[in-house]
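Order of the sequence lines fixes the chain letters, A, B, ..., with proteins taken first and strands second; residue numbering starts at 1 for each chain.
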Amino acid sequence: MDKILKMMSQRIGLGLITLLLVSMIIAGIVELLPGDMCQEILGQAATEETVANCRTENGLDRPFYVRYGEWLVGMVTGDMGKSLANKREIAELVGVRLGNTLFLAAYAAAISVPIALTLGILAALYRNSFYDRSVNVFTLSTISTPEFFVAYILILFLSVKAGIFPSISNIAPDHGFLDRLERSTLPAFTLTLVVVAHMMRMTRAAIINLLASPYIEMARLKGLKPGRIIVKHALPNALAPIINVVVLNLAYLIVGVVIVEVVFVYPGLGQLLVDSVSKRDFPVVQASSLLFAFTFIALNLLADILSILSNPRLLHPR
Amino acid sequence: MADTDMSVATDTQVSPLVCRAATAVVYAFLLAVFLLGVGEFSPWVILGIAAVHAYAFIAYKYWSGLERTGTGDLVVAAVSAVFVIAALINWGSFSAYAWETFFGMAVVQGGILCVVQYWKTLRQAPPSAWFGLIVVMVYALLAILAPIVAPFGETSIVGSQYELWGAACTKVELCPPEAGAKQMILGTDHLGRDMLSRLIYGARNTIGLAFLTTILAFSLGGVMGLLAASLGGWVDNLTSRVVDILMAIPSLVFSLLILTVVGTSYVSIVLVIAVLDSTRVYRLARAVAMNIVVMDYVEVAKLRGEGLWYIIRHELLPNAMPPLVAEFGLRFCFVFLFISALSFLGLGLQPPTADWGSMVKENATLITFEDVTPLVPAGAIALLTVGVNFVVDWFLHKTSGLKS
């Protein structure tokens with residue numbers, strides 16, 4: 001137990017250091033601008049006075065480390081400053097949208113994880129059969145298609161032709177849960193199609209890796225059915241890599257939603273990021289990048305910790 | 001020597017004549033393209049003529065160096081002849097684009113020479129790999145020959161907004177006189193530009209940029225990875241930590257962040273994506289090289305007093321090649337999708353440059369009228385990445401199969 005605690009605290013410490021360095025990069029990258037933020041936004045035509053005003057307003061007249069410290073403290077306490085474009089509180093803007101993005105990611109995960117695991121186990125069970133090979137080709141194709149291709153095909157068939165789901169997922173805070181679910185079904189389907197392939201392939205590989213081990217041989221000699229061997233004997237031992245790939249795909253779901261959100265005009269964090277990038281609204285870009293990076297690092301950390309926790313050799317040391 | 005000669009001779013007679021004659025025809029043809037096609041004499045023409053000489057020399061040398069069969073020679077000669085004849089029939093458009101013709105010829109001949117050389121391996125390749133190879137070849141040719149193949153110009157407006165598929169050219173002054181019945185096979189886009197032409201030019205822009213970026217990412221990541229593995233110590237530690245940090249930020253978000261600051265231009269897109277992508281290459285190159293560095297033959301080379309460069313070049317690189325080549329294909333797909341995604345978001349290649357990602361975005365409204373036009377560029381992206389993936393899958397299967 002001691003060893004596990006030590007390893008876990010090590011990982012968490014490493015994660016925190018990474019997060020700190022990443023926040024430094026995100027804050028520092030704006031310093032790379034020729035001139036500074038104010039000059040960049042106001043353009044060449046701005047008078048000295050307006051630029052100076054803008055600088056004092058945004059606190060640019062102080063050294064970088066002071067501003068960075070304040071920014072970091074603000075991020076942690078929820079005071080994220082104001083947007084340059086519309087002077088609104090960033091925390092307000094980001095809060096609702098982060099909720100929407102998490103909702104979409106959770107919805108997509110709820111569909112994709114069971115499908116991927118089932119398909120993966122079946123492919124391992126019937127490996128090298130026609131089913132396995134066709135699933136292989138299909139997943140290889142979905143991995144390598146752009147998200148917007150999948151999204152527009154779904155729109156064409158499920159929304160325009162069949163009229164089952166709305167093609168635009170405009171969600172307002174006052175929408176009920178079911179309404180939300182219906183409106184975000186197509187984006188969730190798109191994300192599902194994109195991530196299922198990867199999870200399924202990893203599940204299949206993890207199980208097939210184990211099938212050569214002696215205890216599987218033993219179970220087979222005992223006369224167990226192949227399905228039972230895989231579910232009872234192989235799956236528990238393949239859990240660590242499977243959990244790992246599931247969590248990593250969750251990270252992808254939250255971060256990779258950017259394009260899907262833009263296609264479906266879904267009011268999430270990704271849409272906000274893209275809008276702010278084209279408006280060159282630096283504070284919002286920084287805040288949402290940090291949130292994305294935080295989620296990404298946190299989920300990677302979670303994957304790490306779960307794979308330590310699900311490792312039988314570490315859990316039951318001799 | 002005598003044995004191989006005998007075995008070749010039993011196939012069909014290999015005559016050096018076919019090879020020589022075909023090379024001479026190609027040489028004369030390319031020379032004519034540069035001399036007759038380009039009106040005035042410029043440094044480019046001189047460079048072109050030099051390139052033709054170099055090309056003819058290299059092609060002949062390579063071709064005659066192969067282990068040849070009569071059938072193989074005939075196939076290469078026939079394919080080259082088809083290209084030359086096609087160019088002679090459409091002499092006007094081919095001779096106007098001398099460099100495109102030159103590189104098109106090089107790709108056609110190079111491709112067919114490779115097919116002939118590796119025929120024994122290729123014959124056993126699964127259909128998916130063949131499909132992938134053909135797709136890659138066709139895309140490469142389209143990208144190179146874009147101005148010759150495309151019916152209209154990249155940015156020329158030839159009709160009104162969103163013409164249907166197969167509509168005839170309406171604005172007469174913009175259509176060539178003999179092409180009164182020239183159709184816009186895929187209709188027009190939101191500004192009245194021909195979709196098919198933009199699709200073909202888009203192949204050149206998007207694939208070219210992705211290819212360049214991948215090469216940069218590989219040079220950077222590969223060299224750093226091999227160096228880290230062979231030097232070890234603090235160099236390895238430092239680069240690995242930097243890469244860890246860079247990989248901790250999701251790459252799309254990171255590149256959006258950087259592009260906000262530096263602005264979107266060809267140079268910044270290529271550099272940003274190349275640097276971010278080189279981290280993945282670094283990881284792989286380092287991991288593969290780490291396994292090789294501990295081998296006895298590397299130890300022997302070190303004891304022999306060979307330098308760092310020699311060890312990387314002669315001991316590490318040849319043995320690390322198969323996984324790196326496969327990774328090149330996968331990275332190319334990734335970069336290609338990445339650039340398309342950026343363009344789709346409006347932050348990649350800027351208009352009026354034709355680009356598949358932005359073409360999808362610009363015409364996306366058509367999908368609500370049950371028009372599949374926006375799916376065509378998206379499908380073009382998907383087809384190429386699927387094709388490359390099939391080839392890589394086969395290649396990986398093959399190289400790993402040979403090892404075990």
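For B:L256, the parts lying near chain A are the backbone and the side chain together; criterion is any non-hydrogen pair under 4.5 Å. With a 4.5 Å cut-off on non-hydrogen atoms, A:I29 touches chain B through its backbone and its side chain both. Both the backbone and the side chain of B:L345 come within less than 4.5 Å of a heavy atom in chain A. With a 4.5 angstrom heavy-atom cutoff, A:I17 does not touch chain B via any of its atoms. With a 4.5 Å cut-off on non-hydrogen atoms, A:F282 touches chain B through its side chain but not through its backbone. Within the 4.5 angstrom heavy-atom criterion, atoms from both the backbone and the side chain of B:I367 approach chain A. Looking at B:V388, there are no atoms closer than 4.5 Å to chain A (heavy atoms on both sides), in backbone or side chain. In this structure, chain A has a heavy atom under 4.5 Å from the side chain of B:F254, while its backbone stays farther away. For A:I26, the parts lying near chain B are the backbone and the side chain together; criterion is any non-hydrogen pair under 4.5 Å.
The structure places CG of B:L257 at 8.5 Å from CG of A:L273, a figure rounded to the nearest 0.5 Å.
The residue among B:I249, B:I258, B:L246 with the most heavy atom pairs within less than 4.5 Å of chain A is B:I249. Across B:A248, B:P250, B:G346, the residue that shares the most heavy-atom pairs under 4.5 angstrom with chain A is B:P250. Of the listed residues B:A364, B:C333, B:G357, B:A378, the one with more heavy-atom pairs under 4.5 angstrom with chain A than any other is B:A378. Chain B forms the most heavy-atom pairs under 4.5 Å with one residue out of A:V137, A:V258, A:L19, A:V22, and that residue is A:V22. Heavy-atom pairs under 4.5 Å with chain B were tallied for A:V160, A:I153, A:L21; the largest tally goes to A:V160. Put simply, of B:V372, B:L252, B:L347, the one with the most heavy-atom pairs under 4.5 Å next to chain A is B:L347.
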Chain B against chain A: donor-acceptor pairs under 3.5 Å:
from: A:S144; atom 1: O; to: B:T385; atom 2: OG1; distance (Å): 2.4
from: A:S144; atom 1: OG; to: B:N389; atom 2: ND2; distance (Å): 3.3
from: A:R280; atom 1: NE; to: B:T260; atom 2: O; distance (Å): 3.0
from: A:R280; atom 1: NH2; to: B:T260; atom 2: O; distance (Å): 2.6
from: A:R280; atom 1: NH2; to: B:V261; atom 2: O; distance (Å): 3.0

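B:V253 places none of its side-chain heavy atoms less than 4.5 Å from the side chain of A:F296. At least one side-chain heavy atom of B:L375 sits under 4.5 Å from a side-chain heavy atom of A:F149.
When all heavy atoms of B:I381 and A:P146 are compared, the closest pair comes out as CG2-CG, 3.7 Å.
Around the CZ atom of A:F294, the shell of radius 6.0 Å holds no more than 12 heavy atoms that belong to other residues, nucleotides or ligands. A 6.0 Å sphere centred on CZ of B:F211 holds no more than 12 heavy atoms belonging to other residues, nucleotides or ligands.
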